[in-house]
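To start, the structure itself, in structure tokens.
When reading the values below, keep in mind they use all heavy atoms of this one structure, side chains included, and skip hydrogens, waters and symmetry mates. Every value quoted in this text rests on a predicted model; they were computed, and no experiment measured them.
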Amino acid sequence: SLLVPAARGAACPSPCRCQALGAARGMHVDCSSRQLRVVPALPPGTRSLDLRNNSLRWVPAGLLDSPPTLRSLDVAGNPWHCDCSILYLKLWLQDFSAPALGSARCASPAAVRMKPLGELTGNELGPCKRLLPIKCLQFFWRDLVLIAGAIITLLLAAWSLKFSKKLVCQLKLSQ
């Protein structure tokens, strides 16, 4: 098979090999058995990614969303740490690469050792205190304060209108 660098000027990640799948089909990036601890930056047009037999323990949330063409991922043979940090990878595999979900197995913690990633339940992931990114929570609290301020302003406006009508009526009666 012909191994080529990524199309459109983006280089294939140095520890990996890239293979064009055809102009319209994208690229296969093979990073298997490279002792990787982190997922390398992927070239645009990456359609499939092979990360088998590395030293990956988790994948940062959002990493597999770029490039948007990525649709297949093989992650078997990595020592996955199956706590809340693995949730992003589990959900991504459920949507895009179900076969890889069954082949990926947890290495730690001990309670889920050797369990397939696809069979993990929410209870086994431990107490996930922060599933939303911090920025989402900041927007939530900001919006909540704005909504509360708007409600208080409307209540004060309604109360002042009611009070002003009574005042006008009392002024007319006294004249």
Mind running side-chain contact (heavy atoms from CB on, under 4.5 Å) on L101 and Q94 for me, showing each step along the way?
CA-CA 7 Å; L101 189 60; Q94 281 177 342; 3.3 Å; yes
Could you measure the distance from the [atom1] atom of [X] to the [atom2] atom of [Y]? Nearest 0.5 Å is fine.
X: S55; Y: R37; atom1: OG; atom2: CZ; value: 5.5 Å
X: I86; Y: L91; atom1: CD1; atom2: CG; value: 10.5 Å
X: C106; Y: E119; atom1: SG; atom2: CD; value: 9.5 Å
X: T69; Y: R25; atom1: OG1; atom2: CZ; value: 13.0 Å
X: Y88; Y: L93; atom1: OH; atom2: CG; value: 9.5 Å
X: C31; Y: L36; atom1: SG; atom2: CG; value: 6.0 Å

Please confirm whether the backbone N or O of [Y] pairs with a side-chain atom of [X], one donor and one acceptor, at under 3.5 Å?
X: S160; Y: L156; answer: yes
X: S32; Y: D50; answer: no
X: E124; Y: T121; answer: yes

Per the salt bridge (Lys or Arg N to Asp or Glu O under 4.0 Å) rule, what does the pair list look like for residues 84-112, sequence neighbours excluded?
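Listed once each, the pairs would be none.
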Salt bridge (Lys or Arg N to Asp or Glu O under 4.0 Å): pairs with one or both residues in residues 69-81, sequence neighbours excluded
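The answer is R52-D74.
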N78 meets the side chain to side chain contact (heavy atoms under 4.5 Å, CB included) criterion, sequence neighbours left out, with N54, L56, V75, W80
Residue pair S85 / R57, side-chain heavy-atom distance below 4.5 Å
no
How close do P43 and P13 get, counting heavy atoms only, and between which atoms?
CD-CD, 3.8 Å
Closest non-hydrogen atom pair between W92 and L73, with its separation
CZ3-CB, 3.7 Å
Should L154 and L146 be counted in the same cluster of Ile, Leu, Val, Met, Phe, Trp and Tyr side chains packed under 4.5 Å apart?
no
Joint hydrophobic cluster, F96 plus L51, side-chain heavy atoms closer than 4.5 Å
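Yes; L51 is reachable from F96 via cluster members.
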Apply the side-chain contact (heavy atoms from CB on, under 4.5 Å) test between C82 and each candidate in L89, L87, L120; give the one that qualifies.
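Per the side-chain contact (heavy atoms from CB on, under 4.5 Å) rule, the option paired with C82 is L120, out of L89, L87, L120.
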L70 and its side-chain contact (heavy atoms from CB on, under 4.5 Å) partner, picked from L42, D65, L63
L42
Any luck finding a side-chain donor-acceptor pair between H28 and D30 under 3.5 Å?
no
